[in-house]
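Read the structure below first, then the notes.
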Amino acid sequence: MAPNSGLQRFFTLRYVVFLVFVVLAGRLFYVQIIDDKYKDLATSNIMRPEVEFPMRGEVLDRYGEYLVRSRVCYDVMVIARNIPKTGFDTLRLAEILDITPERLERQLKRAKQAPRAPFLITGYLSQEAKLVFDEGEFDGFFTRFRTAREYPRKVGGNLLGYVSEVTEEQVRKWEYYSSGDYIGVGGVESAYETMLRGEKGVSYRIYDTHGAAMGPYKDGDMDILPVKGLQLTSTIDGRLQEFTEELMEGKVGAAVAIEPSTGEILVMVSSPTYNPDLMVGRQRNNNYAQMLHDQRNPQFNRAVKAKYPPGSTFKLVQGLIGLQEGVLRPTDMHPCHGGYSYGRRKMKCHDHRSPIDLRDAVATSCNAYFCYVFKDIITNPKFENIAEGVKTWNDYVYSFGFGRKLDSDFTGEGKGYVPTPEFYDRTYNGRWNWGSVISCAIGQGEMGCTPLQMANLAAIVANRGYYYIPHIIKHIEGRDSIDRRFYERQYTMVDSVHFVPIVEGMWRGVNVWGTSGGARLEGWDVCGKTGTAQNPNGRDHSTFLSFAPKDNPKIAVSVYVEHGGFGASVALPIASLIEELYLTDTIRRPELVERVKNYPINYYHYDKKQREYDLRRAKQSAK
Amino acid sequence: MVNDYNLSSRGGNTSLFGRLDMTAVGLYIALVIVGFVCITAASFEEESLNYLSFSHNYMKQLMWIGISSVVALVILLLDRRLFHMFAYPAYIAGLCLLIACLLFGREVNGAKAWFEFGGVRIQPVEFAKIATALMMARVMSSYSFNIKRLPDLMKVAGVILLPLAIIVLQNDTGSGLVLCSFLFVLFREGITKYIYFPALFTVFLFIVSFIFSPEAIFSFLLVVFTMFSAVKTGAIEAHLRFLAGVVLASIFLAVATPLSGYASLMIVTGIAAVALGAVALKARALMLLWPILMFVYAMLFVPTCDFLFEKLEPHQQNRILTFVGMKSDPMGIDYNVNQSQIAIGSGGLFGKGFMEGTQIKYDYVPEKHTDFIFCTVGEEWGFLGAIVVISLYMALILRLMRMGERIKEPFGRVYCYCVASIILFHVWVNVGMTIGLMPVMGIPLPLMSYGGSSLVAFTMLIMIAIRLDASTDDGDTLYNI
C-alpha cells in the first residue's frame with residue numbers, strides 16, 4: 001500500500017459524505033421549493049370547509065299569514081374516532097336525543113365504518129334539547145344548524161310540497177347540491193326551490209389530526225355567510241284553504257278557486273290531502289311510507305294532475321264555440337224529449353221542458369241541445385270533412401286552456417286530454433263520423449281536464465273571454481314583480497259578446513230556474529254550471545263550476561268530487577260555501593256545512609283496490 | 001499531491017481543554033440546542049398551566065441535556081487509555097446487555113429492544129454501538145492486524161455481526177443496519193474493493209427482487225453475463241449458440257414436461273452454469289468463472305430473499321413495499337411518510353417560523369418529537385433551516401474524519417471513523433425517511449431527536465472521539481501502557 005493511500009481513501013470518503021449531503025439537499029430543494037403540492041396538502045390537512053345551511057324562505061298566504069315557516073333545529077353528528085375510548089353515557093345521550101338506546105348503538109356501529117367522516121346520528125333536535133346536549137359535552141359529537149319546515153295552519157300538503165334530502169341523482173345533476181342537502185319536492189317548494197333555498201355559506205375551520213376543532217382558519221376571513229332564502233307571498237287564502245280542506249275531507253276530488261281579474265289561485269285543494277307536518281321530522285319516513293300504501297294516493301295532486309271528464313260544465317265551451325262559428329244563435333231552439341237520438345243510439349237527458357233556447361239549455365244543462373250544437377260545429381258544410389271540423393273544434397278548445405299545460409308556476413301540471421282527429425282515426429281505423437264523437441258534446445268520452453283547467457274555464461267565462469295564467473305566488477321578496485306572463489291576458493278564440501248569453505244562462509241556472517239553484521247567495525249574483533260525469537268505476541262524478549258576482553267577478557270556483565253523484569248534490573254546495581266565505585267573510589248556512597261534511601260517498605272502487613293491495617303486501621311480507 | 005496536507009495543526013495550548021477540538025464541541029453543542037428548540041416547538045402545549053413542569057417533553061429533554069453534560073465532562077476527564085483498556089469488557093458487557101434485553105426486555109412497537117427502570121426507558125442498542133465502535137478500534141488497531149488477510153477480516157466481520165445478529169433477533173432491524181455502516185470504516189482501513197462489488201450486487205438483487213419476477217431477473221442476468229463473457233473472450237458466436245441452447249432447452253422443458261416455466265429455466269441454467277463452471281476451471285479461464293459465480297449467487301439469493309421477506313413482520317414488509325413503490329396506502333403505512341413530507345414541503349424557503357408550523361402544531365406529523373423531529377426543522381425553518389441543520393451534521397462528520405486522520409494511532413482513527421459512519425448513517429436514513437428517500441426505520445436523528453438513551457449514547461460516542469483526539473499531542477501512545 002502506498003504511504004498515502006489511507007489519505008486518498010479519506011478524500012474519497014469525503015466525497016461520499018458530500019454526496020449524501022447533496023442528495024439530501026437536492027431532495028429537500030425539490031420538496032420544499034420546486035413541488036408546490038405540499039403547501040396545498042398542508043392546508044387541506046388542517047382546514048376543513050364546513051357548510052353553513054341557510055334558513056329556507058317562508059311562504060305567506062295572500063294576507064301575510066304564514067303558510068310555511070322555518071324553525072331552527074339541529075342535526076346531531078358524530079366523528080366516530082373522536083369518541084373517547086373509555087366510552088360515554090349512551091343512555092343519557094339517547095334520552096337527550098329522544099331515540100332508543102338500541103337505535104343509538106346501531107347508528108354508532110354504522111358511524112364506525114368510516115371513523116373519520118362526520119356521520120348523522122339523528123336530525124330535528126329542538127333548540128331546547130340542543131342546549132341540554134351541549135351541557136352534556138359528549139366528545140366526538142357535535143350539532144349542525146339546520147332548519148325544518150313548520151305549518152301553522154297544517155294545510156296545503158300537496159299544494160306546498162315538502163322538503164326532503166337530495167337524492168344521489170340530484171346531486172349528480174346539479175352542482176349546487178351535495179349529499180345531505182335539502183331540496184323542495186312537489187308544489188311550491190319544488191317550483192320555487194331556487195328562491196326558497198337561499199345560498200349555502202361556508203366556514204373554514206382548523207382541525208387537528210384528532211378531528212378536534214382548533215378555531216377559525218385565517219380568523220374567518222375566507223368564510224362566506226349563508227344567505228337566507230327569499231320570502232314568498234302566495235295567492236292562497238289560508239283560511240279559505242283550510243275551510244275547503246275540511247269540506248273535502250272524506251271525499252276524493254279537488255277544488256280550485258281563482259281570482260278571475262288576476263289569475264291568482266285562492267284555493268287549491270286535492271283530496272285526500274295530508275297534514276304537511278307529517279313530512280317533517282323523524283317520523284317522516286314512516287308517514288311517507290304509510291301514504292305510499294294508501295290507494296287513494298294522498299300524494300297525488302288531483303287539482304293539477306288528474307284527468308277528469310268535465311261533464312256538463314263543458315257545455316259552456318260548446319255553446320261558445322257554436323256562437324263564434326256562427327252555427328248557433330242564442331235564440332235557437334232545440335227539442336229535447338228525454339235525450340238525443342242518433343242512429344240507433346240515444347244520449348239520455350233528464351226531464352225538463354222542451355224546446356228551449358241557449359240560456360235555458362245552459363241553465364237546465366240539456367244534453368240534447370249541446371249535441372245539436374256540437375254536431376253543427378263539426379259538420380259545418382264549410383269543412384271538407386269531419387276531421388277538419390274536429391280539428392277546428394280542437395283549436396277552440398285548446399284556446400280555453402284544455403288539452404295543454406296552462407304554464408302556471410306549479411310544477412307537475414297535467415295536460416288533460418282533448419281527442420283529436422288522429423286519435424279517432426287510430427281508434428276507429430279511419431272509419432268514424434260525428435256520431436262516434438258526439439259524447440264530447442257534453443264533456444264525456446275521451447275528454448279529460450284537470451280541476452285547474454276547469455277553474456280556469458270558470459275564470460274565462462267570468463272575464464268574458466280571456467284569462468290570466470293561474471299562479472300561486474304573487475310576490476317574491478326583493479322583487480318588483482313576478483314573471484311577466486302572469487300579467488298578460490290570454491284571449492280565447494271566442495269573442496267577448498258571445499259570452500253574454502252563456503253567462504246569462506249560468507246566472508239563471510242559479511237564480512231563476514235550473515240545476516244550480518242551491519248556489520244562490522243573496523245579493524251576490526252567483527253564476528254556475530253543474531256537471532255530472534259518467535265514469536266506468538261507479539257512481540257519477542259530481543262537479544260544479546261557478547263564479548260570482550256576475551259583474552266584476554271576484555272568484556271563480558271549480559269543485560270536482562269523484563263519485564259524488566249529481567253536480568248539485570255535493571260539488572255545488574262545496575263551491576257555494578267557498579264563495580260564501582270568500583265573498584261575505586261568514587258562513588250563514590252552518591247546516592249546509594254539516595251536510596257537506598257528512599255527505600255519504602261510498603268509494604267501493606278505491607276500497608277494493610286497497611283491500612287487494614293490503615292482501616298482496618301481507619302475502620309478500622309473509623314470504 | 002496531498003503530502004503537504006497538515007492534519008496535526010493545532011494551537012500551542014497544552015492544557016486538556018485547550019487541546020479539545022473546539023469545532024467538534026461547538027458543532028455538538030449547536031446540534032443539541034437546535035434539537036432542544038425543535039422539541040420545544042413540537043411538544044409545546046399552549047393550554048398548559050405550568051410551562052416548566054417536567055411532564056413536558058422539552059423539560060425532560062432539558063434534564064437529559066444536563067445529564068449528557070455531566071457524562072461529557074466525565075469522559076473528557078478520563079484517561080484516554082481507559083477506552084483502549086475497556087474495549088473488550090465494554091463489548092462483552094454490550095453483548096450481554098443485548099442478550100438480556102432479548103430475554104427480559106420490554107417490547108415497544110414490535111421491537112424487544114428496551115429496558116424499563118421506573119418509567120425511564122433505556123435502549124441498550126445505543127450503548128452497544130459505542131461498545132462495538134471501541135471493539136472495532138481495538139481489534140483493527142492491534143499489532144500485525146492486516147485487513148487484507150482473511151482471518152483478520154473474519155475477526156472484524158465477527159465483531160460487527162455478533163451484535164447485529166442479536167439486534168435483528170430483537171426485531172430492531174433498523175438499529176442493526178447501523179452497524180453495516182462500518183463498511184465505511186473498513187474502506188478507510190484498506191479493505192479490498194472486491195468486497196464492494198458483491199455488496200452492491202446484493203443490494204441491486206435485493207431491490208430488484210421486489211419489483212420483478214425471478215424469471216425476469218434470471219433471464220436478464222443470463223443475457224448480461226453471457227454478453228459480458230462474449231465481449232471478454234471474443235467468441236461471440238459460441239456465446240450466442242449457448243444462449244439459444246439454453247432458451248430452447250428451457251422452452252422444450254416447459255412444454256414437454258409438467259414443469260413450470262420458472263422451474264425449467266432454473267434447471268437448465270443451473271445445469272448450464274455448473275457445466276460451464278467445470279469447463280472454465282479445467283481451461284483455467286478464471287475470467288469466465290466470475291460471471292458464473294455471480295449468476296449462481298443470484299440464483300440462490302433471489303429465492304432466499306423472497307423467502308426471508310415472507311418471514312418479515314407484516315409492517316416491515318409494508319414499509320419495504322411502499323418504499324419500492326409496490327404498494328400505496330395513504331392512510332396506513334404511507335401516512336407517516338406522506339405527512340412528514342407535507343410538513344417539510346409546506347415549509348418553503350424560509351419556513352413558517354418558530355411554533356407556527358401547522359402540521360406540527362396540530363399533530364399531523366406522527367412521532368414529531370422523536371424520529372420525525374426533522375419535520376419541525378423543515379416546516380418551521382424552511383429549506384434554509386434544513387440546509388443549515390444538515391450542514392451542521394456534515395461538518396461534524398467531516399470533522400470527526402479529520403480528527404481520525406490526525407490521531408497517530410490506528411485505535412483513535414478507527415474509532416473516529418466509526419463514530420462518523422454511525423452519524424452519517426443515522427442522518428442519511430432519518431432525514432431520508434422524512435423526505436421519502438428511505439423506507440421508514442425507527443432510527444433517531446443524532447443529538448436532536450427526543451430521547452435520553454439516544455442523546456446520552458451519542459454524547460458518549462462523540463466525546464470519546466474528542467477525548468482521543470485531544471490526546472494526540474500527549475506524547476505517550478496507547479501501546480506503552
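Because only heavy atoms are used, hydrogens play no part in the values below, and waters and symmetry mates are left out as well, while side chains stay in. Sequence lines set the chain letters: A, B, ... in the order given, protein chains first and strands last, and positions in each chain run from 1.
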Candidates A:Leu97, A:Ile96, A:Ile83, A:Val78 - the one meeting side chain to side chain contact (heavy atoms under 4.5 Å, CB included) with A:Phe138: A:Ile96
Determine which residues belonging to residues 33-41 of chain A lie within contact range of chain B, meaning some heavy atom pair is under 4.5 Å apart, and list them by number or answer 'none'. A:Ile33, A:Tyr38, A:Lys39, A:Leu41
For chain B, which residues from residues 118-131 of chain A lie under 4.5 Å away (heavy-atom distances)? none
Validation row, ring centre A:Phe29 to ring centre B:Phe383 under 6.0 Å: yes
Please say whether more than 12 non-hydrogen atoms of neighbouring residues, nucleotides or ligands are located less than 6.0 Å from CZ in A:Arg282. yes
Would the number of heavy atoms belonging to other residues, nucleotides or ligands and lying under 6.0 Å from CZ of A:Arg92 be above 12? no
Of the listed B:Leu398, B:Ile387, B:Thr434, the one with the largest count of heavy-atom pairs under 4.5 Å with chain A is B:Leu398
Chain A interface, residue from B:Pro366, B:Gly347, B:Gly432, B:Gly382 that has the most non-hydrogen pairs under 4.5 Å: B:Gly382
Heavy-atom contact with chain A under 4.5 Å, split by part of [X]:
X        : result
B:Ser421 : neither
B:Ile397 : side chain
B:Phe374 : side chain
B:Tyr393 : neither
B:Leu424 : side chain
B:Val427 : both

B:Glu379 side chain to B:Ile360 backbone, donor-acceptor under 3.5 Å: yes
Select one option (side chain, backbone, both, neither) describing which atoms of A:Phe18 are under 4.5 Å from chain B's heavy atoms. neither
Heavy-atom proximity to chain B below 4.5 Å, by part of A:Val23: both
Heaviest contributor of heavy-atom pairs below 4.5 Å to chain B, chosen from A:Val17, A:Thr12, A:Val16, A:Val20, is A:Val17
Would you mind telling me which of A:Ile46, A:Asn45, A:Thr43 has the largest number of heavy-atom pairs within less than 4.5 Å of chain B? A:Asn45
Identify the residue among B:Arg413, B:Arg406, B:Arg399 that makes a side chain to side chain donor-acceptor pair (under 3.5 Å) with B:Asp469. B:Arg406
Hey, are A:Lys173 and A:Glu168 close enough for a salt bridge, meaning a charged N less than 4.0 Å from a carboxylate O? no
Can you pull the salt bridge (charged side-chain N to carboxylate O under 4.0 Å, His left out) pairs that have at least one residue in residues 357-367 of chain B, sequence neighbours excluded? B:Asp363-B:Lys368
A:Tyr182 six-ring face occupied by A:Arg146 cation (under 6.0 Å, within 45°): yes
Non-hydrogen contacts under 4.5 angstrom with chain A: give the residues of residues 351-358 of chain B involved, or none if there are none. B:Lys352, B:Thr358
